[in-house]
Amino acid sequence: MASMREAAQLYGQAESAIRDEQFQDCIAAAEKAVQIFHGMGAEGASGLIDALYILVDAHRQMATTMQEKPQNALSISGQYLEKFRVSKNRRGEAAMLLSLAEINHDKRGRKKRQEALETAAEALRIFVEINDRKFEVLTLIVTGMAHYKFFMYDAMLEEAQRSLDIAEQLGDKFLTAKAQNLTGLAFSSQRKIDEAMERGRAALALWRELGMKRQEAIQTHAMAGWLLYSRWPKKALALAEQAPKGATQGQSWKASETVRLYKCKRLCSDSARPCKPFVKSAQLAFLRAQSTAERKAIAVGVAVAAACCLQRHLNFVPGPRHAAPVAAAAASMMMAPAAFADEIGDAAKKLGDASYSFAKEVDWNNGIFLQAPGKFQPLEALKAIDKMIEMGAAADPKLLKEAAEAHHKAIGSISGPNGVTSRADWDAVNAALGRVIASVPKAKVMAVYDSVKAITDPGVPAYMKSLVNGPDAEKAYQGFLEFKDVVEKNQVATASAPAVVPSGDKIGEAAKALSDASYPFIKDIDWLSDVYLKPLPGKTAPETLQAIDKMIVMGAKMDGNLLKAAAEAHHKAIGSIDATGVTSAADYEAVNAAIGRLVASVPKTTVMDVYNSMAKVVDSSVPNNMFSKVNPLDAVAAAKGFYTFKDVVEASQR
């Protein structure tokens with residue numbers, strides 16, 4: 001028992017030391033604890049795993065602080081991962097997988113970060129399986145931060161809230177504070193500053209209750225970073241100056257230095273040339289930070305002070321090209337999102353420089369865009385559409401939402417006879433699309449490219465080029481290739497997890513009834529007809545675009561998980577179609593259920609906006625014509641089933 005007590009005391013010392021960033025002290029205590037636990041055999045197995053985890057973490061953090069490769073951390077975690085696998089110790093295996101995930105997530109490049117996400121997901125599965133709730137929280141925090149670095153903010157928020165729920169159930173105030181901070185960062189990334197600050201204040205209260213002044217100071221600066229990201233630099237400055245002074249004796253944080261930098265703002269405010277004294281001070285501070293372990297605090301100080309200084313003269317937070325270095329450094333502290341470090345956004349502006357002249361020459365109202373890009377091959381075209389659906393299902397829902405919103409805004413600025421949007425909205429749409437594509441593995445993007453190429457006549461590009469100024473088209477294409485390279489550089493390696501599909505709900509039950517009533521009607525329809533490519537009678541492209549805009553707005557308001565589930569249902573349904581283009585009854589039902597849930601996730605007024613806008617552009621001759629092509633009894637039965645289904649969806653609508 002004396003050995004167990006001694007090992008537990010050493011573990012406690014190690015845990016306290018690592019929280020204060022006293023890494024050498026932590027390593028010394030953890031190594032002794034590991035030796036004792038190891039010598040106790042099965043009795044010390046659980047303690048051994050905990051001590052090893054904290055030992056690896058200390059080596060990892062020390063290597064990061066010293067800007068060295070984490071060789072010791074990699075060696076210990078790799079060695080024990082193999083041992084635990086051989087001995088079939090699932091908890092030990094998962095703990096070392098988590099350690100490896102943390103190592104690879106820590107400034108080791110995008111590919112390693114992707115590996116970290118996959119490794120953490122494997123660890124999480126094991127911790128859930130063995131019901132280790134504490135390690136489950138730690139793993140969710142790692143996966144949340146990994147998704148943050150990939151701009152996958154919806155996934156990040158989901159993991160942050162899940163970690164918070166578990167930490168509160170455990171009654172672990174330290175983990176709860178960390179989870180509150182992560183949830184705040186997730187909300188800040190989504191520009192929900194009120195929710196972010198609420199979580200931050202909850203974390204602050206816990207740090208104070210625990211008497212952890214250092215964590216309180218870090219949390220305060222984190223919240224200042226969130227305010228800065230939301231373009232409240234003065235509030236950020238005021239909050240940062242409230243951080244506890246002299247509370248941080250660790251190697252990677254010195255609050256007094258940070259506050260001193262914030263006060264550079266005062267050097268700026270009364271000067272006719274305010275930025276020069278600030279820039280000199282900030283540059284010197286940042287150079288000092290690069291050679292020490294103070295980068296985190298100083299980077300935020302520079303970012304906040306820069307924003308305060310420049311706001312006086314520019315009335316906006318500096319854009320990507322000016323603030324990227326300091327913002328990228330600030331973001332590394334797991335506090336404020338990388339608001340300005342946006343390679344894809346910068347590349348989209350360059351693409352706009354190269355392509356907007358070309359865009360203005362294109363006749364966007366031309367009916368040619370409704371035509372097949374070659375021989376009419378509906379089933380072959382469906383294969384290309386399926387690849388697009390797969391790509392959409394793999395994309396980050398948050399980025400899809402932002403892309404939809406960018407398109408909606410761009411439609412609002414359309415002008416001129418050719419129907420071109422404004423230059424600013426052109427750039428915004430290109431940037432949004434680039435981010436969406438970067439959130440999808442390259443293989444899925446290339447599958448879309450290859451499938452579209454397969455149905456496109458080789459003469460189409462040359463013909464389309466003949467409709468505009470040739471040199472402008474070539475310049476635009478060259479700009480696109482450069483933009484493509486930037487997107488590819490930022491591209492994820494693997495797709496996000498599949499959607500969680502609801503089951504046993506009223507909409508699912510109603511979808512079965514609808515499908516039973518309407519499947520005969522579905523089989524009556526000629527899905528291979530070219531009628532679906534015909535323009536709506538008597539309506540111009542701009543008129544039809546207004547209805548499409550309402551659909552885009554509705555899509556932007558849909559639940560991200562349900563949108564992904566609907567895309568996956570459509571992909572599966574395409575896989576079961578027969579020679580006439582009809583999917584299986586089971587897949588038809590699944591699609592109806594998925595669409596019903598999607599519609600229920602959107603306010604009724606938004607849905608009715610789509611209905612009313614379509615009613616304006618669809619002539620009464622259209623439904624009459626379509627009705628004439630099927631068995632009328634089947635059509636009536638389908639309509640009745642649909643109205644019943646609609647009522648169930650409406651009852652579930654938010």
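These values consider heavy atoms only, across backbone and side chains, with no hydrogens, waters or symmetry-generated copies.
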Least distance between heavy atoms, [X] atom then [Y] atom:
{"X": "Cys26", "Y": "Ala58", "value": "SG-CB, 3.6 Å"}
{"X": "Gly44", "Y": "Phe37", "value": "O-CB, 3.6 Å"}
{"X": "Leu399", "Y": "Ser439", "value": "CD1-CB, 3.8 Å"}
{"X": "Ala196", "Y": "Phe187", "value": "N-CB, 3.7 Å"}
{"X": "Ala177", "Y": "Leu206", "value": "N-CD1, 3.7 Å"}
{"X": "Ile344", "Y": "Ala431", "value": "CG2-O, 3.7 Å"}

Quick test of your reading: applying side chain to side chain donor-acceptor pair (under 3.5 Å), list the pairs with at least one residue in residues 199-208, sequence neighbours left out, ordered by first then second residue. Trp207-Gln219, Arg208-Glu216
State, with a plain yes or no, whether a side-chain heavy atom of [X] is found less than 4.5 Å away from one of [Y].
{"X": "Leu74", "Y": "Leu100", "result": "yes"}
{"X": "Leu400", "Y": "Lys564", "result": "no"}
{"X": "Lys83", "Y": "Val86", "result": "no"}
{"X": "Asp396", "Y": "Val436", "result": "no"}
{"X": "His59", "Y": "Ile103", "result": "no"}
{"X": "Gln24", "Y": "Met62", "result": "yes"}
{"X": "Val445", "Y": "Gln491", "result": "yes"}
{"X": "Phe23", "Y": "Arg60", "result": "no"}

Does [X] use its side chain to pair, donor to acceptor, with the backbone of [Y] at less than 3.5 Å?
{"X": "Thr183", "Y": "Ala179", "answer": "yes"}
{"X": "Ser16", "Y": "Gln13", "answer": "no"}
{"X": "Ser188", "Y": "Gly184", "answer": "no"}
{"X": "Gln180", "Y": "Ala203", "answer": "no"}
{"X": "Asn490", "Y": "Ala438", "answer": "no"}
{"X": "Glu568", "Y": "Ala499", "answer": "yes"}

[X]: side-chain hydrogen bond (donor to acceptor under 3.5 Å, both in side chains) partners, not counting sequence neighbours:
{"X": "Glu209", "answer": "Lys173"}
{"X": "Glu198", "answer": "none"}
{"X": "Tyr80", "answer": "none"}
{"X": "Glu168", "answer": "none"}

Tell me, which pairs form a salt bridge (charged side-chain N to carboxylate O under 4.0 Å, His left out) where one or both residues lie in residues 24-41, sequence neighbours left out? none
Any residue meeting salt bridge (Lys or Arg N to Asp or Glu O under 4.0 Å) with [X], in chain and number order, not counting sequence neighbours:
{"X": "Asp50", "answer": "Arg91"}
{"X": "Lys401", "answer": "Glu405"}
{"X": "Arg85", "answer": "Glu93, Glu122"}
{"X": "Glu129", "answer": "Arg90"}

Under the side-chain contact (heavy atoms from CB on, under 4.5 Å) criterion, do Leu227 and Met223 qualify, and how do the steps go? CA-CA 6 Å; Leu227 287 168; Met223 295 162 68; 5.7 Å; no
Residues that Leu124 engages under side-chain contact (heavy atoms from CB on, under 4.5 Å), provided they are two or more places apart: Val128, Glu136, Thr139, Leu140, Arg162
Tell me, please, which residues at least two apart from Phe135 pass ring pair (Phe, Tyr, Trp, His ring centres under 6.0 Å). Tyr53, Phe127
Take Lys178 and Val137, measure what side-chain contact (heavy atoms from CB on, under 4.5 Å) needs, and give me the verdict at the end. CA-CA 10 Å; Lys178 292 189 72 171; Val137 173; over 6 Å; no
Kindly compute the distance separating [atom1] ([X]) from [atom2] ([Y]), expressed to the nearest 0.5 Å.
{"X": "Asn104", "Y": "Ser77", "atom1": "CG", "atom2": "OG", "value": "8.5 Å"}
{"X": "Thr119", "Y": "Leu98", "atom1": "OG1", "atom2": "CG", "value": "10.0 Å"}
{"X": "Ile54", "Y": "Glu15", "atom1": "CD1", "atom2": "CD", "value": "5.0 Å"}
{"X": "Leu204", "Y": "Thr220", "atom1": "CG", "atom2": "OG1", "value": "4.5 Å"}
{"X": "Ile76", "Y": "Asp57", "atom1": "CD1", "atom2": "CG", "value": "11.5 Å"}
{"X": "Arg19", "Y": "Gln215", "atom1": "CZ", "atom2": "CD", "value": "8.5 Å"}

Step by step, work out the side-chain contact (heavy atoms from CB on, under 4.5 Å) result for Asn181 and Ile218. CA-CA 10 Å; Asn181 176 65; Ile218 292 174; over 6 Å; no
Check this for me: Glu402, atom CD, are more than 12 non-hydrogen atoms of other residues, nucleotides or ligands nearer than 6.0 Å? yes
